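Residue numbers start from 1 in every chain, and the chains themselves are labelled A, B, ... in the order their sequence lines are given, proteins ahead of strands. Keep in mind the model is a prediction, meaning the values are calculated, not measured. These values consider heavy atoms only, across backbone and side chains, with no hydrogens, waters or symmetry-generated copies.
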Amino acid sequence: MTQDLHTEKMVINMGPHHPSTHGVCRLILTLDGENVVECEPVIGYLHRSIEKICENRTYAQCIPLMDRFEYVTSMSCNWVFALATEKLTDLEIPERAEYLRVIMTELNRIASHLLCIGVTGLDLGALTPFLYTFRERELILDLFEMTCGQRLTYNYIRIGGVSQDIPDEFIPKCREFLDIFDEKVDDYEKVLTENPIWMARNKGIGVISKQQVYDFAISGPSARASGVDFDIRRDDPYSVYDRFDYTIPVFEGGDSYDRYRARVQEMRESAKIIGQALDQLPGGDIRAKVRAMFKPKAGEVYSRIENSRGEMGIYLLSDGGKKPVRVRARGASYNHLLIIPEIIKGLKIADLVAIFASLDVILPEIDR
Amino acid sequence: MELYPIFGWLDGLLEKVGITGPTADLITLVALAAMVFGLLSLIALFLVWWERKISAHIQQRFGPMMAGWHGVLQTVADAVKLIQKEDIVPTLADRKVFFWAPVICFVSAFAAYIVIPFGEGLIVSDLNIGILYIIAITTFTVISLLMAGWGSNNKYALIGGMRSAAQAVSYEIPLVLSILGVVMVAGSMSMVDIVESQSGWGGFRWNIFFQPLGFVIYLIAATAEANRTPFDLPEAEQELVAGFNIEYSGMKFAMFFLAEFVNMFTVSAIATTVFLGGWNGPFLPSWIWFLGKTLAIVFLLMVFRWSFPRLRVDQLMEFAWKVLLPLAFLNILYVGVFAKWLNW
């Protein structure tokens, strides 16, 4: 052929209502055939102005709002806000409350990773693992329901402790879950980890280099998959995390496959932490004495915890009154979304879906 | 059971009423078409229900349970619902192309059954180029998918249509080459001849024992031809929302949907005829053997779908051209050498 064929680039709007954008993210894609030339994320479709509303609420009223900040791991959101307020006071948190917080948050981390792994499978066309992971996630949600009556937005971790003690049947049920959980994770690995199609779709896709992790402030399992050995639970310890024996999985590849493997390993480690916490669980109060009209000291504080997606933080400015002056929430997903246009160039639409899922981007955390 | 006695009976009945000649032939043909169409619609309805049940049991669910015994009437209920739906045509769609795409898809899916032997004597017409006819007619599906993708005037649909064209063209070649080995041995392209060439050993001289590689190549290529996972890229719902049928609703969507299941049955029926000895088998009536073998292949395809992720488009192409095609050539060489040497 002497003359080249005339081709045009196609601009396609992926979202805000697209099955693989995990919520309401809109990606403006410029496509050359199947290849992505450019990708521009548009956010804000889920903005609820949580930070501003917090300024008009008392501290205790802020906690249920925080549930909605990132509704997949509500326990962490509750905790990070409670942690910020506690840093501005000299409250003695009862031991039992700290252990309950750890147990609940780790259970929530497992539930979140189960969701992520299932949905990644779904996005790559493997529909069955999704149902398997949801089967186990259901058991965790039952435990939450048993404790605080809610399955999604818990409002469980309060300033100075937790809202209520666990019921008697919680510990046997939880142990039952931990006993079967390792086998179930083996099942997922059988379906996915060694599957040649799964490997072909994930290995070498969306590689994030160590430098990019620092440049874009990637955190959590996504950073540890790129060889950055950093976990707030160990490196900036809060609560009673220094009393447990667990390892933090670190992988070197930085691709979608390693991010997936990091999550699978983290689930196993979280299960270990829960087991130890149940063994060590002391008796006693579940909440410190907090005045009905809670007022922290004046000042500003930043608290951060290791969420299932990465660093979750709350910056809190207080003037000593009953309402916060400014609340600023930080979610890991925002940085994870920003790196997608960098690493997607030249890959296919199908890869975009795989990378989006493997970074575990969730939109409520970005839009707040 | 044979078709000809039924025709004889029908002809006799018509003669009694006083209809003879071309009119009687026409009535017989219409009756025959209605029979095949009815049977296939029933099979398609059953397959939809069966797939939902299999997927449910693989995923530790029950699947449909409410409509009839274990939900057997679920597909009927769905079909009734789809018929009631409003027929929406996008404003900017190419209306003619948009209308004819599902029709062509539906017709080409059913037309293949003219030459498929459901049992000994249970064949509409034993063409001497039977297998060639099937391969030609099933390829029409691709045209309909392209038309659907283009006519919808939707970018996702267009990508889906293009994907299906590229995929079908690539996988058609190993598919045909894998069947060629059998045609070489049977010495005929007639479906009946191919089945009869496998009737030795008390009905167990199946081609799969001689050409296992050819069978595997055929099965993989057929999965791609029927647009099933792991090769369901034209309708990858997570990437392209629904691919070529994104703008279709109501009965037009149902036609695509049923055609997909009929196509799956077609490729399984060809696999049975060509590699698994067709209706051959001891004791049981021939049509039970045919149906049993075909449903076994369908079951395999369904299990594929619910256990594998989807390939990426470039991996799909690579697999067809770099793996399947050389293997298919190797298979032809192997069949050529051994058929000559051992005089199969």
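We find the OH-CG distance between B/Tyr156 and A/Asn13 to be 7.0 Å, quoted to the nearest 0.5 Å. The structure places CZ of B/Arg312 at 10.0 Å from CG of A/Asn202, a figure rounded to the nearest 0.5 Å. Atom CD1 of A/Ile197 is separated from atom CZ of B/Phe319 by 8.5 Å, given to the nearest 0.5 angstrom. Between the CG atom of A/Asn35 and the CG atom of B/Asp314 there is a distance of 8.5 Å, given to the nearest 0.5 Å.
Both the backbone and the side chain of B/Gln59 come within less than 4.5 Å of a heavy atom in chain A. Heavy atoms of A/Leu352 lying under 4.5 Å from chain B are absent altogether. Within the 4.5 angstrom heavy-atom criterion, no atom of A/Leu347 approaches chain B.
Taking every heavy atom of both residues into account, B/Lys155 and A/Ile12 meet most closely at CB-CD1, 3.8 Å. The two atoms that bring A/Asn195 and B/Pro309 nearest to each other are ND2-CD, 3.3 Å, heavy atoms only.
Sparse packing is recorded around CH2 of B/Trp100, with 12 or fewer heavy atoms of other residues, nucleotides or ligands lying under 6.0 Å away. Atom CZ of A/Arg151 sits in a crowded spot, with more than 12 heavy atoms from other residues, nucleotides or ligands closer than 6.0 Å. No more than 12 heavy atoms of other residues, nucleotides or ligands lie within 6.0 Å of CD in A/Glu38, so this atom counts as exposed by the packing criterion. For OH of A/Tyr334, the number of neighbouring non-hydrogen atoms (other residues, nucleotides, ligands) closer than 6.0 Å is 12 at most.
Among the residues in residues 43-58 of chain B, those with a non-hydrogen atom closer than 4.5 angstrom to a non-hydrogen atom of chain A are B/Ile58. Contacts from residues 129-142 of chain A to chain B, taken as heavy-atom pairs separated by less than 4.5 Å, involve A/Leu131, A/Tyr132, A/Arg135 in sequence order.
For A/Thr128 (side chain) and B/Ser307 (main-chain N/O), no donor-acceptor pair under 3.5 Å exists by modelled atom type.
Within the 4.5 Å cutoff, side-chain heavy atoms of B/Ile159 are placed close to those of A/Met10.
Among B/Arg61, B/Met162, B/Gln315, the residue making the largest number of heavy-atom pairs under 4.5 Å with chain A is B/Gln315.
A salt bridge links B/Arg163 to A/Glu34: one of the charged nitrogens lies within less than 4.0 Å of a carboxylate oxygen.
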